[in-house]
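Just so it is clear, the model here is predicted, and its values are computed rather than measured. Just so it is clear: chains get the letters A, B, ... in the order the sequence lines come, proteins before strands, and each one is counted from 1.
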Number of protein chains: 2
Amino acid sequence: MSQPITAADKTFIALRDDIVEGRIEAGSKLSETELSTKFAVSRAVIREAINRLESCHIVERKANVGARVVALSPQGLIELYQVRESLEGMAARLAATNMTDEEIADLSALLQSHFDEVKGGESYYQEAGDVDFHYRIILGSKNKHLISMLFDGIYHLVRMYRVQLGMAEPRVTTAYDEHKHIVQAILNRDAELAEMLMRRHILYSKNSIEHKLL
Amino acid sequence: MSQPITAADKTFIALRDDIVEGRIEAGSKLSETELSTKFAVSRAVIREAINRLESCHIVERKANVGARVVALSPQGLIELYQVRESLEGMAARLAATNMTDEEIADLSALLQSHFDEVKGGESYYQEAGDVDFHYRIILGSKNKHLISMLFDGIYHLVRMYRVQLGMAEPRVTTAYDEHKHIVQAILNRDAELAEMLMRRHILYSKNSIEHKLL
DNA sequence: ACTTGCTATATTGTCGACAACTTGGTGTTA
DNA sequence: TAACACCAAGTTGTCGACAATATAGCAAGT
């Protein structure tokens with residue numbers, strides 16, 4: 001679903017954004033009738049949107065009772081990063097063998113442009129750049145399941161934690177070096193190393209967040 | 001959803017089984033009206049079931065066109081095993097630290113009962129025993145996302161490949177030893193080793209299947 | 001013969017109403 | 001007072017009908 005077509009598509013995305021960005025607060029109940037008036041669509045559309053959100057683990061639903069936005073907890077964030085470490089590690093491994101030379105060149109260029117920003121004093125890691133970097137490697141894995149699990153599922157949840165626990169990624173310059181080494185490994189087609197470096201990169205990230213949180 | 005409650009639950013499970021067991025053939029189109037008469041429920045229920053199947057990657061859907069059962073391909077199976085290797089590896093790693101002593105004892109007992117069967121000449125690995133072993137380790141990870149990704153998503157697809165490409169797991173006795181070593185690593189609380197052994201176990205499995213397929 | 005555009009048909013998407021269920025409150029009884 | 005049964009209000013689950021969209025077939029024109 002690259003482009004939202006049906007009303008259910010649009011409602012799903014709108015509702016997801018409302019939740020991820022915190023306009024609907026974590027842990028709160030989702031009333032179907034209430035939402036259907038808010039978005040000016042029928043309950044059927046709302047129900048489909050909520051079903052999809054449940055598949056993303058953004059809401060939880062009990063039969064005949066209703067749906068609630070997931071509650072955010074330090075434990076939940078840790079579990080999320082464990083999955084990320086596992087999946088993105090594998091993505092980097094696969095990317096090292098499956099990315100085309102051209103894609104790798106593009107990735108290097110992206111990294112270079114990041115370097116210029118760092119040099120220019122702008123703190124590395126506003127989120128956009130970081131996300132873009134990870135996106136390309138995940139896509140580079142060419143593995144459908146990996147791509148959809150991370151893009152449709154994990155990443156929105158990660159962002160939800162970032163926004164709502166209010167932590168802009170703090171590890172400014174070290175992360176750049178880590179990215180650089182990962183690209184180097186991919187350039188060398190060293191799958192083993194690419195995976196290891198990516199896993200450590202995400203593990204560091206997790207530890208840093210964990211440290212600030214507990 | 002441990003117990004199916006609503007009509008949509010039951011229909012979802014029934015339809016999923018029909019697909020996984022091959023009674024509805026891979027790649028075929030799913031007509032909503034047709035299914036609604038077959039299962040004697042309204043189209044709304046069918047639509048919800050299909051939506052859930054889409055979340056599991058068992059069907060693919062295009063807006064205003066309809067849903068098709070996924071097509072099975074060697075490439076698809078390989079991608080599936082790549083994800084399995086990644087996720088179950090992490091599950092084993094986490095299980096090594098998160099399983100209780102009691103759970104580990106139960107796991108050892110299960111393995112012992114498998115050993116007795118092997119000794120008794122029944123070929124190790126009818127599917128049930130193998131699946132049970134992996135289930136316990138995945139549950140032992142205590143990671144909600146891992147558990148649901150593997151149980152709700154990957155495993156049904158893996159089974160679909162097994163059934164429809166007609167391959168009962170062939171690696172009779174070697175797999176038992178691999179299981180034994182994994183349990184030993186968990187018993188020693190050696191997370192690193194448990195992950196590595198589990199990954200190799202799944203990788204071997206993949207190679208064996210791949211070899212038979214290509 | 002090949003393309004183009006229309007139409008008929010069938011399928012999916014959306015809606016509003018009704019049925020089934022949960023929940024909180026009330027009243028009765030031990 | 002505590003426990004139980006029951007009722008009422010509100011929510012979710014299911015249904016059948018209607019609207020919007022895609023597809024196949026036919027007709028006309030080049």
Does the distance from a Lys or Arg side-chain N to an Asp or Glu carboxylate O, for B/K144 and A/E79, drop under 4.0 Å? no

Has [X] got a side-chain N or O lying under 4.0 Å from the OP1 or OP2 atom of [N]?
X     : N      : value
B/R47 : C/dG13 : yes
A/R43 : C/dC18 : no
B/S42 : D/dC15 : yes

Do you see a donor-acceptor pair shorter than 3.5 Å between the side chains of A/H145 and B/H57? no

Ignoring hydrogens and geometry beyond distance, is a side-chain donor-acceptor pair present between B/Y204 and B/R200 at under 3.5 Å? yes

Heavy-atom nearest nucleotide on DNA chain C for A/A63 versus A/V45: which residue maps closer to 5'?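 By nearest-heavy-atom nucleotide position, the 5'-most residue is A/V45.
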
Using a 4.5 Å cut-off on heavy atoms from C-beta on, say whether the side chain of A/I104 contacts that of A/R189. yes

For the pair made of NZ in B/K62 and C1' in D/dT23, what is the distance, rounded to whole Å?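 Rounded to the whole Å, the gap is 12 Å.
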
D/dT11 C1' sits how many Å from A/L30 CG, rounded?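 Taking atom C1' of D/dT11 as the reference, CG of A/L30 is at 13 Å.
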
Which nucleotide in the set C/dC15, C/dT14, D/dG13 lies at the smallest distance from any side-chain heavy atom of A/N64?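 Nucleotide nearest to A/N64's side chain: D/dG13.
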
Looking only at side-chain atoms of A/A7, point me to the closest of C/dT14, D/dT14, D/dA22.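 Shortest atom-to-atom distance from the side chain points to C/dT14.
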
